[in-house]
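Start at 1 and go down the list; that is how both ligands and their atoms are numbered.
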Amino acid sequence: MISLDNVTMQYKASTRPALRDLSLEIDKGEFAFLIGPSGSGKSTFFRLLLKEDKPTSGEVRVGDFRVDKLPGRKVPKLRQSIGCVFQDFRLLQQKSVADNVAFALEVIGKPSSTIRKVVPDVLDYVGLAGKADRMPTELSGGEMQRVAIARAIANRPLVLLADEPTGNLDPDTSEEIVDVLDRVNRRGTTVVMATHDRHIVDSMRRRVLEFNLGRLVRDEDHGVYGVG
Ligand code: ADP
Ligand code: ADP
């Protein structure tokens with residue numbers, strides 16, 4: 001589903017590469033944690049998958065997309081197959097819970113009949129049935145992240161990228177959010193989650209990819225957070 005082949009990303013010639021000669025594969029349906037200190041290349045990895053940056057060398061694939069060679073006109077299609085959630089939720093503050101999800105489907109041209117059906121389904125799926133008409137300011141952090149996940153999965157993406165999705169949440173709420181991501185994964189969506197949350201990684205025992213200084217330094221199938 002995701003494959004990198006000898007990928008190097010050097011933002012500026014004079015600096016150390018953000019990723020060096022990185023090769024890895026993540027299969028369809030996998031759940032992988034991406035760990036490593038700040039500056040180790042985790043966000044760069046996500047940006048390359050989304051074609052927000054182009055690698056200096058190497059090959060990047062997501063599903064059937066050869067991302068590093070993808071022409072600009074096809075980038076929107078790529079991004080529609082990748083759902084994203086972030087530490088800071090990134091909800092539209094002027095729109096209700098339902099409209100945040102609906103808007104994401106409108107901008108990619110889904111018919112309103114589909115949107116009317118999918119929005120309540122996904123809100124139910126993430127545990128927000130009954131909160132459709134709330135505004136983001138009326139929600140807890142955990143609820144905001146549920147909205148962000150609903151929005152990210154509404155189009156049934158191939159891959160869900162979560163960049164420190166529990167970074168602003170207390171431990172109990174973090175567990176609930178990871179539980180939602182786990183359910184999304186068990187329905188077939190490949191999930192990659194960058195995190196500094198040792199407790200979550202240790203309790204899930206899923207694949208662990210550890211980056212350090214732009215290199216993949218550990219890749220374990222049922223890994224723990226480790227000494228890092
Ligand atoms: P992480 O997400 O693990 O914190 P990043 O991928 O953000 O790591 O950063 C990896 C390295 O690349 C760091 O040294 C960072 O300073 C550098 N870097 C990231 N983005 C840019 C950019 N847009 N321009 C120049 N250097 C960057
Ligand atoms: P359930 O059987 O739990 O009620 P449904 O099959 O009715 O779930 O799905 C509810 C909605 O949630 C679907 O319409 C779909 O949009 C969304 N959904 C569920 N699982 C996923 C998933 N893994 N990836 C993307 N979307 C999903």
Sequence neighbours excluded - ring pair (Phe, Tyr, Trp, His ring centres under 6.0 Å) pairs with any residue from residues 35-54: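 Of all non-adjacent pairs touching residues 35-54, those that pass ring pair (Phe, Tyr, Trp, His ring centres under 6.0 Å) are F45-F211.
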Side chain to side chain donor-acceptor pair (under 3.5 Å): pairs with one or both residues in residues 82-93, sequence neighbours excluded: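 Counting only pairs at least two positions apart or across chains, the side chain to side chain donor-acceptor pair (under 3.5 Å) contacts touching residues 82-93 are D88-R90.
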Residue E138 excluded, over 12 heavy atoms near CD under 6.0 Å: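 It does: E138 CD has more than 12 such atoms within range.
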Cluster overlap L48 with V85, hydrophobic side-chain contacts below 4.5 Å: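 Each belongs to a different hydrophobic cluster.
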Sub-4.0 Å heavy-atom environment of ligand 1, residues by chain: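 Contacts of ligand 1 under 4.0 Å: Y11, R16, A18, P37, S38, G39, S40, G41, K42, S43, T44, R47.
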N155 side-chain N/O to Q80 backbone N/O, donor-acceptor pair under 3.5 Å: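 Yes; at least one donor-acceptor contact below 3.5 Å.
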Set of residues satisfying ring-ring contact (aromatic ring centres under 6.0 Å, His included) with respect to F65, sequence neighbours excluded: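 Residues passing ring-ring contact (aromatic ring centres under 6.0 Å, His included) with F65: none at all.
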